[in-house]
Every structure is written in C-alpha cells, then in structure tokens.
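Both counts, for ligands and for their atoms, begin at 1 and track the order of listing. Numbers here simply count residues along the sequence, with the first being 1.
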Amino acid sequence: MSFYVTTPIYYVNAAPHLGHAYTTIAADVMARHMRQRGEDVFFLTGTDEHGEPVAQAAEREGVTPQELADRNAERFQALMPRLEASNDFFIRTSDPRHEKRVQEVLTAVYEAGHVYKGVYEGWYCPRCADFKTEAEAGPDHTCPIHGIPLDWEREENWFFRLSTFQEPLEKLLAEDSDFVQPRERRNEARAFVAQGLQDISLTRARLRWGIPVPWDEGQVFYVWFDALLNYYTALAFARDGHDATPEFWPASYHLIGKDILKFHTIFWPAMLMAAGIELPEHVFVHGFLLGGDGRKMSKSLGNVLDPFQVIDELGTDALRFYLLRDVAFGEDGATSMDAVRSRYETELANELGNLASRTTNMVRRYRDGQVPEVELDAALAADFAGLSGRVGELVGRASLTAALEEIWQRVRRLNRYVEEQAPWQLAKDPERAADLDRALASLAEGVRVVGLHLLAYMPSAMSRLLEAMGERGQELRDFGAGGGGGSVQQLEPLFPKR
Ligand code: ME8
C-alpha cells in the first residue's frame, strides 16, 4: 500500500517560524509511522514562490523575486533536517518542471471548456493573494487575517467556472464524508459552498511574477492554482528517472492550517475535477498555535515561541513531543517556553527518561544485561492489548495527540509496574528469582513496545532507546510479539535534566 502525505508549501516572503515547523512535524510523524507499518510512503513539503506576497516582499527588500525566493527557500530547506523531517522531496514552485506541468494541467482545464474571459472587480488582499467576498472582508474592507486595507481590483482576466462544481462539491462535503477532517472544518467548507459558489480568477493580468498562461502570454496564473498543483506535479519529477504519479496519486492526506481551508477544500477539488484528475483522499485541517497569552502569535506582542530556541535548549525531540502533546492536533492552543520546559521535565525526563534508565540499569545489574526468556506478565500484557491497532487507527486519521496519549498511558503503566514489582526487593530473595525474571522481561518488552510506537514522534531519542534495548527492527508490533530475550546495553540519559 502507498501513503502520500503533504504539508502546505510555505511562502518565501518570510523566514520559517513555529507554525511552519508545526505542520511539517505532524506530517513527518504520519510519514514515519506509516513507514514503520511497511507502507510505501511519500512525504512532500516545499516552498510557494510566485505571486504578490513574494513579489511585494522582494520589492520592499530591493531584490528580484527569484533572489528572494532562492534565499528563503534555502532557509526552509535547512529547517527540514533540524526538525528531523524525513521528507522525500522538497518542491520549489519556481522549478521549471513544475511550471511546465502546471501549464499542461491548466491548459487541459481550458480546453475542456472550464475557463472564460471576464472582468474581475472586487476586493483583494495581496498578502493572502486572496479575492475576498463582501462577507469575508473585515471592517472598512480590511483583510481579516492581515488587518491591512484590501485593494479594489478591476482587471480583465481568465475565469475558472467554479460555479459549475456547486453540486459535486456539495456531495464531496456531505454529512457522511470524511474528505475534510475534523468534522467542524468540513462544516465550515460546506457553509462556504452553501452560500453559492462564484466563478474565480484563474489568471492575473498585471502581475509578472508567475507562470505564463500558454494561451495568453500577457497573463500569469493566479498563484493559488500554481501552488495547489504542487501536490500533483511534484510526483512527476521528484524521483529521478521515473514518474511516481501512478504509485502515489491520489494523495492520502493534505495537512493544512485553518487559514487556507477554502483553497484546499473547495478550489482544489473543483480544479482537479475540471482537469479530470482523481481527488485526494483527505484534507486534515489543524488549528492555530497561539502565543503564551492565548493571543495570535506576533513579534510585536513578544509572545512567539521560537522553535530554534527549543531545539537548542532541549532538542528536536522535545519540540516535536511538545507540539503534538500540549496542543490537541486539530484545535487551537497556546504555546510558551515555560510549557515546553514543564513537559520536558515532568513527562520526558521524569516519566519516560527514568523508566528507560531504570529498566536498562536493572536488567544489567540483576541479569547481566540479558533479558530473561520467560513468560510475560499477563496483567501487564492485558493493559497493552491492542495498542498497535489503536495507535495505527488514530495516526491513520491524523489524530496525533490522541495516539500519543494512548502510548503515554502505557509509559505511565510501566512506571507503576516498576513500583508494584519492586525488582530491587525481589533481587534480595533468591527464591523469587523467577518473579524477578518475569518482571524484568515484561518491563523490557513494555519499554521496547513503547519505544517503537514513540519512534515516529521522537526519532532520535527513541532510536537510541531501541538500540540500547536490543530491539532489532522498527516494525510496529504488540506486546509479546517480539520474541523476547536479547541483551540490553547501557543508556545515557535520554532527556538530561537542564
Ligand atoms: O499559506 N499555527 O503559506 P504560509 C499553526 N503558501 N500553523 C501555522 C501557523 C500558526 N500560527 N502559522 C502558519 C501559505 N502555520 C501558502 C500555502 S499550499 C498550496 C500554499 C502553517 O507560509 C499552517 O500549515 O503562509 C498554515 O496553513 C501554513 O503554515 C501557512 O503557510
């Protein structure tokens, strides 16, 4: 089976920030988890380089749009290894291979009769690159997202007949559909369609920084269609020497923030229908990370959590864990350095870190590093029953916080098990050697299973743990399915106290 997951492609008009790291980490957890399940995975991220947001930022900085794109795309590319993102490709929309394919797809849409020439007149936000309806515009015709005055635009350009997809979209977003998740977001998309869809601009006449329209060279494509198509075009050239589209299209999951819901849940499927291309399976819309004060993150408010500070101080695993643990994936949530430090100490260092070091230390001290090959504790096994199926089901529908909670309950269970069994007491009594064997073997097995399930969330620390625990493979498995035995090595603290 194949699994194809994407992040939005990020605008190169600004430097990478926590919001970008967030969606990337979430997609990475899904990709890594699916690889552990033996799926053939493709994970795509990249940068959105055309359109007004970039052209205007370049002008402000006195450089060409391509120079700005090159400079900032590099910063986004450099972000990926720092997050331990295992993306299979990084697409840049100024890549000529993308441009050519966008022209091909949109020409097919034009030839199929879904495009006509008209005059656009209305409000436009150059930072969103979005045409706003009266209902969407903020007070005094300002952008509800950026707060800047909207521009009144009037230009002749080519229109996409979005209105003809009213019914197919209603069907796509119907009550029983899971195309858009979570359900509240699906309802938001439905409400937008229910207002009645209007045709939208497919091209821009005044802008130069974009992909030329093949049938009207004076115009460029509206940046959103150029950008959305990245999910499809990339597959054609991401793998050297062959077109991976047949293997991976349709995409399994597009992960996006709620700011770009309209584009992904309405414009995108309509455009694909017009082009005769199969629709992606799911769009998962996550919430917004907010400042520590619960307000929108903003540099001027000084409430922005800096992902690089977290990485430098506590490591990438801590950042990844924190973001998916502290804010329920799908909802909005406040973030702060204090909250990261607190999760690090209470959960990573005290709960997981201590469990790992106690387990390795005890197997080494009492059994010379050899995990006894004996029957495992039935009560503990019962508390682990069905874990991998449950976690798989949750991660499979992007419920990443709920899946992490399932795993964490087992971390806590293992800590209680250590206290209940008190192996240090058993070790004093030679007659209880069999009990000690069973306790140590069960504990080692529990730690291995927990480590395997946490590997997608914290790849570095969990690889170290699994290696020290003598776990050979990375496939997800249930408690007791690993064969047991094996040897355990010394483990440096996974999450050292700071
Ligand atoms: O919109 N909380 O790019 P962009 C959570 N180029 N996620 C956040 C966030 C926050 N505070 N801020 C940003 C664009 N994000 C277009 C996309 S896709 C075909 C084109 C994340 O650089 C979230 O995923 O503004 C959001 O949707 C995305 O960054 C917007 O990134």
Review point. Has R239 got its NZ or CZ under 6.0 Å from the middle of the six-membered ring of F248, at an angle within 45 degrees of the ring axis?
Key: no
**Study point:** Value rounded to 0.5 Å, distance of OG in S2 from CD in E39
**Key:** 7.5 Å
N or O contacts of ligand 1 with protein under 3.5 Å, please list pair by pair.
residue  : atom   : partner : partner atom : Å
ligand 1 : 2 (N)  : L289    : N            : 2.9
ligand 1 : 6 (N)  : I9      : O            : 2.8
ligand 1 : 6 (N)  : D48     : OD2          : 2.7
ligand 1 : 11 (N) : L289    : O            : 3.3
ligand 1 : 22 (O) : Y11     : N            : 3.0
ligand 1 : 22 (O) : H20     : NE2          : 3.0
ligand 1 : 24 (O) : T23     : OG1          : 2.7
ligand 1 : 24 (O) : G257    : N            : 3.4
ligand 1 : 27 (O) : G257    : N            : 3.0
ligand 1 : 27 (O) : D259    : OD1          : 2.8

Point to revise | Pairing of R410 and E406 as salt bridge, 4.0 angstrom limit | key: yes
Check your understanding: Is any NZ, NE, NH1 or NH2 atom of the basic residue among E347 and R412 found under 4.0 Å from an Asp or Glu carboxylate oxygen of the other?
Key -> yes
Check your understanding: How are the rings of H114 and F160 set to each other: parallel, tilted or perpendicular (split at 30° and 60°)?
Key -> perpendicular
Exercise for review: Answer yes when K117 and D216 have at least one side-chain N-carboxylate O distance shorter than 4.0 Å, and no when they do not.
Suggested key: yes
